Amino acid sequence: QRIQSVNNPHITRPLSPREVQVVACLAQGNQIQAVGNLLGISPKTASTHLYRAVRKLGIHNRADLTCAAIRLGYILCPCPAHAVKSEVMS
């Protein structure tokens, strides 16, 4: 699977399936310890996957990570206001 870098749409870098899982879990509000428990890996391994994904995506904080995860389709936007706004704009 190849995705576009958030900061540079001309560069594509592959995220591994595990990196996608870690990003999705973190973007949903889980702490790294919980991510490790959810995925059956150590927190250190989860941190390594996070580090690699963040570098590939070119992001620098959790807010940007969440935005990228939503934009790239890894998670759905849970905000009801977003859904209402989308319906109004349609």
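Hydrogens, waters and symmetry mates play no part in the numbers below; they use all other heavy atoms, side chains included. Just so it is clear, the model here is predicted, and its values are computed rather than measured.
Each of H49, R62, Q21 was scored for a side-chain contact (heavy atoms from CB on, under 4.5 Å) with L26, with one residue passing: R62.
Within the structure, salt bridge (charged side-chain N to carboxylate O under 4.0 Å, His left out) contacts touching residues 17-29 (residues at least two apart or in different chains) are E19-K56. Applying the salt bridge (charged side-chain N to carboxylate O under 4.0 Å, His left out) test to residues at least two apart or on different chains, none of the pairs has a partner in residues 25-54.
Taking all atoms of both residues into account, the shortest heavy-atom contact from A46 to V35 is CB-CG1, 4.1 Å. For the residue pair L57 and A68, the shortest heavy atom distance occurs at CD1-CB, 4.5 Å. Between V54 and I59, the shortest heavy-atom contact is CG1-O, 2.9 Å.
Side chains of V23 and V20 form no contact here, defined as non-hydrogen atoms less than 4.5 Å apart.
Rounding to the nearest 0.5 Å gives a distance of 9.0 Å between CD1 of I32 and OG1 of T48.
In this structure S42 satisfies the side-chain hydrogen bond (donor to acceptor under 3.5 Å, both in side chains) test together with T45, sequence neighbours excluded. Partners of S47 under the side-chain hydrogen bond (donor to acceptor under 3.5 Å, both in side chains) rule, at least two apart in sequence or in another chain, do not exist in this structure. With sequence neighbours excluded, the residues forming a side chain to side chain contact (heavy atoms under 4.5 Å, CB included) with Q33 are N37, P43, listed by chain and number.
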